[in-house]
Amino acid sequence: MKNHSSPRIAFSALASLFLAAAPARAAVTFLNGFTGSVSEVNSTSELAYAANVSSTDLLNGKVPAITGWNLTNGAHPNELTDGVHGATFAAAGNLVDGGWTTVGATATYDLGGGANGLGYDITSLQSIAAWVDVRFGNQAWTVAVRPVGSISFTDLATINYQPLTAGGATQVSLTGLNVTGVNAIRFTALQVNGGTNAGAFVPREIDVFGASTVPEPGAALLGALGTLLLVKRRRVSNAR
Ligand SMILES: [Ca+2]
């Protein structure tokens, strides 16, 4: 092995430096073999994505187990899954219709085993953050899932989307996800560097879409074959 850097490696290192120096504007990083497509949009209008909130997703109406949230001014993470974006803070009697993060705040949603006891396949998810000022409409998260049969969570992706320099809204959508057989999902807030209040932001709604995991075709076939053999055996024993 050569012990000196080739020009190509030196150029690559230089390019990495430039990339690292570029502002981390739009960033979703998939982790641990998870994959999907990413859509990120932002607006200087606080209520720009209010109509995109779903009231029929897997989390809707669920109450999360929480740690670390700021609960002042009416803020509560239960409002992340109420199917309501909420009005502008400026016109809503100064009550926060959404969650108010601290760095490391968590919301954990128990999905259960689903229709087949195999958990859920998650195909897409979206998070909307919005605020009238001070960059609370930016967002940064880690999303993790718990596979059925496991007691620990596996990180799915980190979201770090901080395009706003004042008031406004952001929506991050992950689609085409390859998440299968999970029974819980956890969101952990990260620091929003451009924000005030020690890196806080105000998520308005989190929507998670998917369906109960179905048995593998092979497993279903084996099950059907087993039933067939059982019926046949019964018939044989009845004939005796
Ligand atoms: Ca919802």
Side-chain angles (χ1 to χ4, degrees), residues 28 34 36-43 45-71 73-89 92 95-101 105-115 119-132 136-146 153 156-159 161 168-177 179-180 182-190 192 200-213:
V28 170
F34 290 113
S37 300
V38 179
S39 160
E40 294 158 319
V41 288
N42 71 89
S43 169
S45 166
E46 181 189 4
L47 304 181
Y49 308 120
N52 295 355
V53 166
S54 171
S55 58
T56 58
D57 63 291
L58 289 179
L59 298 191
N60 212 69
K62 284 196 181 296
V63 174
I66 57 170
T67 63
W69 292 78
N70 186 338
L71 302 179
N73 286 350
H76 200 287
N78 285 359
E79 291 166 358
L80 302 179
T81 49
D82 63 357
V84 175
H85 180 285
T88 176
F89 179 67
L95 286 178
V96 182
D97 200 332
W100 185 348
T101 67
T106 63
T108 304
Y109 300 89
D110 200 344
L111 297 170
Y120 287 83
D121 294 348
I122 293 173
T123 50
S124 65
L125 61 89
Q126 65 184 24
S127 59
I128 296 168
W131 200 242
V132 68
F136 277 5
N138 288 317
Q139 53 178 307
W141 301 92
T142 297
V143 183
V145 289
R146 188 179 64 200
F153 282 79
L156 160 60
T158 58
I159 292 161
Y161 188 45
T170 60
Q171 178 174 337
V172 177
S173 307
L174 309 185
T175 56
L177 297 173
V179 180
T180 183
V182 301
N183 62 14
I185 185 164
R186 172 179 291 164
F187 295 83
T188 302
L190 304 174
V192 175
F201 60 99
V202 177
R204 296 298 189 93
E205 185 83 357
I206 299 170
D207 298 312
V208 172
F209 303 93
S212 294
T213 302

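Whatever order the structure lists ligands and atoms in, that order sets their numbers, starting from 1.
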Please work out the angle at the Ca ion (ligand 1) defined by atom O of S54 on one side and atom OD1 of N60 on the other, rounded to 10°.
90°
The atom name of the N, O or S atom in D57 nearest to the Ca ion (ligand 1) is OD1
T56 N/O/S atom closer than 3.0 Å to the Ca ion (ligand 1)
no
Near the Ca ion (ligand 1), is there an N/O/S atom from T81 that is less than 3.0 Å away?
no
Do you know which N/O/S atom name in D207 is closest to the Ca ion (ligand 1)?
OD1
Straight-line distance of Y109 OH to I206 CD1, nearest 0.5 Å
4.5 Å
With a cut-off of 3.0 Å, does E205 place any N/O/S atom under that distance from the Ca ion (ligand 1)?
yes
Checking Q171 side chain against I128 main chain: does a donor-acceptor pair fall under 3.5 Å?
no
Do D57 side-chain atoms and V208 backbone N/O form a donor-acceptor pair below 3.5 Å?
yes
Contact between W131 and W100 at the side-chain level, heavy atoms closer than 4.5 Å - yes or no?
no
Between T188 and T142, is any side-chain donor less than 3.5 angstrom from a side-chain acceptor?
no
